[in-house]
Amino acid sequence: MAPVRIGVVGVGTFGINHLRCFQQMGYMGQAELVAACDVNKELVQQRAQEFGIQAYTDHREMLAKEQLDGITVVTPDPFHHDIVMAAAEAGVHVLCEKPLDVTTEGCREMIQACDQAGVLLMVDFHKRYDEYHLAMREKIQAGDLGQIQYGYAHMEDRIEVPRDWFPGWATKSSPAWFLGVHFYDLACFLLGAKGVRVWATGQKSRLREFGVDTWDSISAKVTFDNGATVAFDTSWIIPEGFEATVNQGIRLVGTLGFLECDSQDRGTRTACTNDQPVQQTHNKSFLRMKKDKQGREIWEGYGIDSIADFALNVNELLAGKSLGDLGPYPSGEDGLEATRIAAGVHQSLETGEIIELAKL
Ligand SMILES: NC(=O)c1ccc[n+]([C@@H]2O[C@H](COP(=O)([O-])OP(=O)(O)OC[C@H]3O[C@@H](n4cnc5c(N)ncnc54)[C@H](O)[C@@H]3O)[C@@H](O)[C@H]2O)c1
């Protein structure tokens with residue numbers, strides 16, 4: 001059986017990881033990276049040359065010409081919807097970057113279109129693949145913490161992410177959409193629960209000084225349907241001197257105990273005179289690179305595993321399995337739940353009210 005033929009749509013900052021993942025799966029006969037698409041013609045041609053694949057500037061043309069089994073969508077948050085819909089229309093399986101969409105209506109349309117077409121819809125919630133978080137989940141499921149009552153999570157990017165990496169679409173996004181959804185989904189995953197209501201507050205000042213008109217920070221308190229309440233602090237204004245691009249962690253407290261995970265500092269530290277910042281910590285669980293015997297780069301970590309899982313799932317489908325046989329994966333429904341919380345966070349920011357999530 002020939003492995004899944006894959007195209008990647010959006011080959012900017014994070015798209016490169018999708019390309020790397022499928023290229024190296026090709027070394028093991030697990031995937032064939034066939035094409036890439038980006039509206040930035042120069043960029044996509046450069047990537048296509050580097051990876052030895054076809055370049056497109058229109059995803060519809062790529063879908064029409066390449067006989068693909070699957071595509072991955074790595075475009076800015078507001079531009080996932082139409083590409084996922086086009087994949088469903090073409091009968092092509094799809095992995096979509098988080099958030100699935102920035103509206104619950106959009107998520108529902110995407111889920112319905114993929115359901116009707118009988119294609120796999122996965123969302124790249126990589127925190128579900130982090131071995132530290134999986135260990136937390138096992139303990140929770142074993143009942144070691146008793147009934148979870150409350151918790152706390154934080155995810156914070158250095159200021160260069162919204163200011164320098166994508167100032168063009170940071171104004172259409174926020175710490176809740178870009179970062180929060182990771183931990184809203186992780187909380188749902190760890191607790192085995194869905195969000196019920198949310199209250200949020202936020203600030204806008206620091207990024208405005210750089211002409212980027214969006215939220216600096218958002219704090220949200222979410223009550224889940226198992227009774228637990230989790231506070232989520234998200235921001236993307238931490239100083240450039242901080243030791244990593246991302247700072248993140250979670251703690252959950254139950255009737256019988258608690259769990260804490262520093263999801264950023266995995267115990268690897270460097271201090272090099274030529275580096276900025278001089279002292280750095282490295283989350284090698286997320287991404288790490290090694291070379292194989294042929295000297296080729298092999299990327300590992302949960303940031304790759306979550307993408308690779310899509311190709312492995314499509315291979316199962318091509319071999320005759322049904323969607324129901326695939327076992328657990330971050331689904332369109334999971335994408336909808338995280339979007340529902342983020343949409344509720346923003347509604348609460350606008351109105352100052354507590355938002356009942358069932359209404360969204
Ligand atoms: N899973 C993760 O850890 C992770 C990390 C960063 C970003 N992301 C997500 O990945 C997505 C992309 O983020 P990024 O940081 O790479 O952004 P980016 O701006 O660096 O790259 C996005 C690319 O998409 C292209 N693009 C825009 N509209 C397009 C269209 N209609 N068709 C084809 N290409 C189009 C842009 O030209 C750009 O090259 C976002 O949804 C973001 O939330 C996920």
Self-check item: Arg5/Glu32 salt bridge by N-O under 4.0 Å criterion
Solution: yes
Quiz item: Looking at Ala220 and Val198, what are the two nearest heavy atoms and their distance?
Solution: CB-CG2, 4.1 Å
Exercise. Could you tell me which residues satisfy ring-ring contact (aromatic ring centres under 6.0 Å, His included) with His126, sequence neighbours excluded, listed by chain and number?
Key: His182, Phe286, Tyr302
Quiz item: Are side-chain N/O atoms of Thr281 and Gln264 paired as donor and acceptor at under 3.5 Å?
Solution: yes
Exercise. For Tyr56 and Glu66, test the side chains for any donor-to-acceptor distance below 3.5 angstrom and give the result as yes or no.
Key: yes
Quiz item: Can you tell me if Gln248 and Lys127 form a side-chain donor-acceptor pair at under 3.5 Å?
Solution: yes
Self-check item: Short side-chain donor-acceptor distance under 3.5 Å, Ser306 and Asp309
Solution: no
Quiz item: Using 4.0 Å as the upper bound for N to carboxylate O, is an ion pair formed by Lys291 and Glu297?
Solution: no
Exercise. Taking all non-hydrogen atoms of both residues into account, name the closest pair between Pro3 and Ala31 and its distance.
Key: CB-N, 3.5 Å
Quiz item: Parallel, tilted or perpendicular: which fits the ring planes of Tyr152 and His154, with parallel below 30° and perpendicular above 60°?
Solution: parallel
Quiz item: Are Asp262 and Arg266 close enough for a salt bridge, meaning some N to O gap below 4.0 Å?
Solution: no
Quiz item: With side chains defined as the heavy atoms from C-beta onward, is the minimum distance between Thr104 and Leu336 less than 4.5 Å?
Solution: yes
Exercise. Looking only at non-hydrogen atoms, find the nearest pair between Ile53 and Val34 and report the distance.
Key: CB-O, 3.2 Å
Exercise. With sequence neighbours excluded, tell me which residues meet salt bridge (Lys or Arg N to Asp or Glu O under 4.0 Å) with Glu353.
Key: none
Quiz prompt | Axial cation check for Trp215 ring with Lys204, 6.0 Å and 45° limits | solution = yes
Quiz item: Do His18 and Asp124 come within less than 4.5 Å of each other through their side chains, counting heavy atoms only?
Solution: yes
Quiz item: Should the pair Arg208-Asp213 be classified as a salt bridge under the 4.0 Å nitrogen-to-oxygen rule?
Solution: yes
Quiz prompt | NZ/NE/NH1/NH2 to OD/OE distance under 4.0 Å, Asp305 and Arg128 | solution = no
Practice problem: Compute whether any side-chain donor of one residue and acceptor of the other, for His81 and Glu109, lie under 3.5 angstrom apart. | Solution: yes
Quiz item: Which of these passes ring-ring contact (aromatic ring centres under 6.0 Å, His included) with Phe178: Trp165, Phe166, Phe183?
Solution: Phe166
Practice problem: Give a yes or no on whether a salt bridge exists between Arg206 and Glu209, defined as a side-chain N under 4.0 angstrom from a carboxylate O. | Solution: yes
